[in-house]
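See structure below.
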Amino acid sequence: MGCCSSAAQSSKREWKPLEDHSCTDVPWLLLFILFCIGMGFICGFTIATGAAARLLSGYDSYGNICGQKNVKVEGIVNSGLDLTQKKYVFFLDPCNIDLVHQKIKSLALCVSACPRKELKTLADVQKFAETNGSTLCSYELLPSEYTTDPRAAKLCPKYPVPESAPIPFFHRCAPVNISCYAKFAEALITFVSDSSVLHRLISGVMTSKEIILGLCLLSLVLSMILMVIIRYISRVLVWILTVLVILGSLGGTGVLWWLYAKERMSASTVETQIAKENLQALLIYAISATVFTVILLLIMLIMRKRVALTIALFHVAGKVFIHLPLLVFQPFWTFFVLILFWTYWTTVLLFLGTTGNPVPNEEGFVEFRVAGPLKYMWWYHLVGLIWISEFILACQQMTVAGAVVTYYFTREKRNLPFTPILASVNRLVCYHLGTVAKGSFIITLVKIPRMILMYIHTQLKGKENACARCMLKACICCLWCLEKCLTYLNQNAYTATAINSTNFCTSAKDAFVILVENALRVAAINTVGDFMLFLGKVLIVCSTGLAGIMLLNYQRDYTTWVLPLIIVCLFAFLVAHCFLSIYEMVVDVLFLCFAIDTKYNDGSPGREFYMDKVLMEFVENSRKSMREAGRGGGAEGRELKPMAREQMLEASGAVESRVSQSKKGVILRKGIIFILRIVLLVTVTVIRRKEDLPNKC
C-alpha cells in the first residue's frame with residue numbers, strides 16, 4: 001500500500017514546504033483502526049466472560065468468586081457457594097510461588113478478613129476464626145475441628161501464618177513482611193548465590209527509599225534546568241557543558257578515590273560484611289570513573305575543532321525552543337499517554353489470565369481456560385502493545401517535526417501560528433495518522449522477530465551449542481541494527497511528510513536521497529550534536545550520582561548502598577534522555593530542513609534561503625576557511641550545495657590536515673583522527689539508539 005505510487009514520481013520533484021496538505025496513507029489508517037477495534041473486542045470478551053469480576057474480586061481454588069453467590073461447577077466439590085460475606089482471597093501458603101507456571105502453588109480460599117497479626121499455632125487460627133468469624137481453613141472444616149481433625153495439616157494454612165493486609169482494589173490478602181518477596185526475587189535473580197546478599201540489597205533500598213525518591217526528583221529538576229539553559233544561552237552552552245563535564249568527571253573521580261581511602265582506613269578497625277561490600281563497590285566505582293574520565297578527555301580533545309558547527313546548530317535549536325516553548329513538555333504528554341495505554345494493556349492482560357470456562361485440573365481444583373482459536377488472543381494483544389506504543393512515539397516525532405518545519409519555513413517568525421504545536425497536532429490528526437501508523441508498523445515487524453529470537457535464546461540458555469548460540473546472537477544483532485536504521489529513517493520520513501504532505505514511501509525515499517547526498521555531513525553533525533547531548537546526560541547522571549554518594553555515605557554503617565545508587569543513576573539517565581531526546585529531534589529536523597533548503601534554493605530572487613542567519617554565517621565562515629586552504633578557486637557557485645565534496649569534507653573536520661607541515665606528520669595525524677572518528681561515531685550512535693524504556697518518551 002502506498003509504495004507503488006512513490007516509484008512513479010520523479011526523484012527531482014520540487015519541494016513545496018507547507019503549501020499543500022492532503023491525506024496520506026489512508027488505507028493504513030483504516031487498517032490501524034480495524035486493529036484497534038480488535039483490541040477492544042478482546043477487552044469486551046474478557047469482561048463478558050467474567051474475567052473482570054474474577055480479577056477484581058478474586059476467586060478460590062474451587063471456582064467461587066469472592067463476595068457473591070456462585071454457580072455450581074460439575075464435578076467440583078465446594079463450588080457454587082454463597083460467599084457474599086467473604087470478600088477476600090487468602091492463600092494457605094502465599095510464599096510458595098511456581099515461577100515456571102507463574103502462579104502461587106497454594107490452596108486459595110475466600111475469607112471475611114485477613115489476619116492482621118501473626119498466628120503461630122492452629123489454636124491461634126481457631127481463636128481468630130471464633131473471634132473475627134474468618135475461617136482460614138478449608139470450607140469442609142469447622143472452626144471447632146481445627147485442633148482435633150487430622151486433615152487440618154493439609155486443609156489449614158502453613159503456620160506461622162504471616163501478618164497480611166488486603167491489596168487495595170484487588171481483595172487479596174498479601175503478607176506485610178517483605179521477606180516473602182525477597183525469596184521470590186531471589187528465585188528470579190539467579191546470579192546471587194548467597195540469599196543474605198539479596199536480603200541486604202533489598203533492605204538497603206527500603207531503608208534509603210526517601211533518599212532515592214529525593215534524588216529522582218533532583219534528576220528531574222536538573223533536566224528541566226538544562227533545558228532552560230539550552231533555550232537561553234545556546235551560544236555558550238557547548239563550552240559551559242564541556243567545562244562542567246570535565247570538572248564533574250574529575251571531581252567525581254577524586255571524591256570516589258577519597259571515599260575509598262577513607263573507607264579503607266575505617267574498615268581496618270571495624271570489619272563487617274557491609275563495610276567490605278561498600279569498600280569493594282567504592283573501588284569498582286573509582287576505577288570505572290577513572291577509565292571513563294580518561295576516555296572522555298581524549299574524545300573531547302579530538303572534538304574541540306568541531307565546536308563551531310555544534311554552536312550554530314544549538315543556537316538555532318535554542319531559537320526554536322524560545323518560539324515553541326511547549327516543546328519542552330512533549331515528554332510529559334507522551335509519557336502520560338503511554339502510561340494510560342500500558343495500564344489499559346496490563347489490565348486486559350490480567351483479564352486474559354482469568355478468562356475462559358472452569359475446568360477441573362489434575363489436583364481437583366478449578367482452572368479457567370480458553371478453548372479453540374481464542375486461546376491465541378494474547379498474541380494479538382502482544383502485537384498491539386508494540387504497534388500502539390510505537391504509534392504513540394511516532395505521533396510525538398511527527399508533532400515535533402511539524403512544529404519545527406513550520407518554524408524553519410516561515411520567513412517572518414512574527415507570522416508563526418499562535419500555537420505551532422497545536423497546529424502540528426491538528427495537521428497530524430487531520431492528514432497524517434495513516435503515515436504514522438505505517439511507519440510504526442514497519443518498526444513492529446522488525447521488533448517482533450527480534451523479541452522472539454531473544455525469548456528463544458533465553459529459554460535455550462545453556463542447552464544450545466556454540467554455533468547455534470552464535471547464530472542467534474548474530475540474528476538478534478542484525479535485527480537490532482536494522483531497527484535502529486529504520487527508526488532514524490522513519491523520523492526523517494515524518495519530517496519530509498510534514499514538509500510536502502506526501503505518503504510514507506515517497507517521504508522516506510526523498511529523505512533517504514537527501515541524507516545520502518549529505519552522508520559525511522550527517523555523520524559529522526549528528527556525531528558532534530549527539531555527543532554534546534550525551535555530555536548533558538552524563539552531567540545530570542554524575543550530578544545525581546555524586547549527590548547520592550554524599551547522602552548515602554551517612555548510612556554506610558547499616559545500609560548496603562550499591563543497589564540504591566544504581567537505581568538512582570539509571571532513573572537520572574532515563575529522565576535526562578527523555579528530555580534531551582526532544583532537543584535531539586529538533587536538531588535532526590533542522591538539519592534535514594537545512595539540507596533541503598540549500599539543495600533547492602540558491603539565494604537568488606525567487607529562490608531565497610529560508611535558513612537562519614546563524615547558519616548563513618557558518619556557511620560564509622566555511623567559504624573563508626576553504627579559500628584560505630586554497631580549495632575555493634572556481635567553486636564559489638556551488639559551495640552552498642550540501643552535496644559538494646569540499647564543503648562536506650570541511651563539515652566533517654578535514655581542515656585539520658592542512659595544519660601539519662611535514663608529510664609524515666600529516667599522515668600520522670590523519671590516521672589518528674580517522675581512527676578516533678570511527679570509534680566516536682560508533683560509540684555515540686550505539687548510545688543514541690540503544691533502548692531500555694520504551695526509552696522513548
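Keep in mind that the numbers below use all heavy atoms, side chains included, and drop hydrogens, waters and symmetry copies. Start at 1 with the first residue, then count along the sequence.
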Is there a side chain to side chain contact (heavy atoms under 4.5 Å, CB included) between Thr487 and Glu483? Walk through the geometry before answering. CA-CA 6 Å; Thr487 301; Glu483 179 186 336; 4.2 Å; yes
Report, as yes or no, whether the 6.0 Å neighbourhood of atom [atom1] on [X] holds more than 12 heavy atoms from other residues, nucleotides or ligands.
X: Lys117; atom1: NZ; answer: no
X: Gln85; atom1: CD; answer: no
X: Phe579; atom1: CZ; answer: yes
X: Trp345; atom1: CH2; answer: yes

So does [Y] get a backbone contact from the side chain of [X], meaning a donor-acceptor N/O pair under 3.5 Å?
X: Ser138; Y: Leu155; answer: no
X: Trp333; Y: Gln396; answer: no
X: Ser61; Y: Ala108; answer: yes
X: Thr46; Y: Phe351; answer: no
X: Thr131; Y: Phe128; answer: no
X: Asp124; Y: Lys120; answer: yes
X: Ser581; Y: Cys578; answer: yes
X: Gln126; Y: Pro143; answer: yes
X: Asn78; Y: Glu140; answer: no

How about [X] and [Y]: do any of their side-chain heavy atoms sit closer than 4.5 Å?
X: Glu145; Y: Thr148; result: yes
X: Leu546; Y: Val255; result: yes
X: Leu338; Y: Leu393; result: yes
X: Leu453; Y: Pro449; result: no
X: Tyr344; Y: Cys43; result: yes
X: His171; Y: Val89; result: no
X: Leu222; Y: Leu218; result: yes

Pairwise distance [atom1]([X]) to [atom2]([Y]) - rounded to 0.5 angstrom:
X: Thr334; Y: Ile339; atom1: OG1; atom2: CD1; value: 11.5 Å
X: Arg450; Y: Cys475; atom1: CZ; atom2: SG; value: 13.0 Å
X: Leu215; Y: Ser543; atom1: CG; atom2: OG; value: 11.5 Å
X: Thr147; Y: Lys127; atom1: OG1; atom2: NZ; value: 14.0 Å
X: Leu56; Y: Cys66; atom1: CG; atom2: SG; value: 12.0 Å
X: Tyr59; Y: Leu109; atom1: OH; atom2: CG; value: 13.5 Å

For [X], enumerate each residue passing the side-chain contact (heavy atoms from CB on, under 4.5 Å) test, keeping only those at least two apart in sequence or located in another chain.
X: Ser164; result: Cys114, Pro115, Cys173
X: Cys36; result: Phe32, Ile388
X: Leu283; result: Trp257, Tyr260, Ile287

Minimum heavy-atom separation for [X] and [Y], please, with both atom names.
X: Pro331; Y: Ile582; result: CG-CG1, 3.5 Å
X: Ile540; Y: Ala576; result: CD1-CB, 3.6 Å
X: Lys72; Y: Val77; result: NZ-CA, 4.1 Å
X: Asn70; Y: Ile65; result: OD1-N, 2.6 Å
X: Leu136; Y: Ala113; result: CD2-O, 4.3 Å
X: Leu141; Y: Cys156; result: CD1-SG, 4.1 Å

Between Asp60 and Tyr139, is any side-chain donor less than 3.5 angstrom from a side-chain acceptor? yes
Taken in chain and number order and not counting sequence neighbours, the residues that satisfy ring-ring contact (aromatic ring centres under 6.0 Å, His included) with Phe90 are none
Does Tyr380 have any ring-ring contact (aromatic ring centres under 6.0 Å, His included) partners at least two apart in sequence or in another chain, and if so, which?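 So Tyr380 forms a ring-ring contact (aromatic ring centres under 6.0 Å, His included) with Phe35.
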Let's go through Leu107 and Tyr62 carefully: what are the C-alpha distance in whole Å and the side-chain angles of both, what is the deciding distance for side chain to side chain contact (heavy atoms under 4.5 Å, CB included) to 0.1 Å, and is it a yes or a no? CA-CA 9 Å; Leu107 180 66; Tyr62 306 105; 3.9 Å; yes
Decide, yes or no, whether a salt bridge links Lys447 with Glu390 under the criterion of side-chain N to carboxylate O below 4.0 Å. yes
Would you call the rings of Phe573 and His577 parallel, tilted or perpendicular if under 30° counts as parallel and over 60° as perpendicular? parallel
Stepwise, does the side chain to side chain contact (heavy atoms under 4.5 Å, CB included) test hold for Trp480 with Val446? CA-CA 8 Å; Trp480 182 84; Val446 180; over 6 Å; no
May I ask you to check whether Phe335 and Phe329 place their ring centers less than 6.0 Å from one another? no
Kindly determine whether Leu217 and Leu213 satisfy side chain to side chain contact (heavy atoms under 4.5 Å, CB included), including the steps that lead there. CA-CA 6 Å; Leu217 183 61; Leu213 184 61; over 6 Å; no
List in chain and number order the residues that pass salt bridge (Lys or Arg N to Asp or Glu O under 4.0 Å) with Arg116, two or more places apart in sequence or in another chain; answer none if no residue qualifies. none
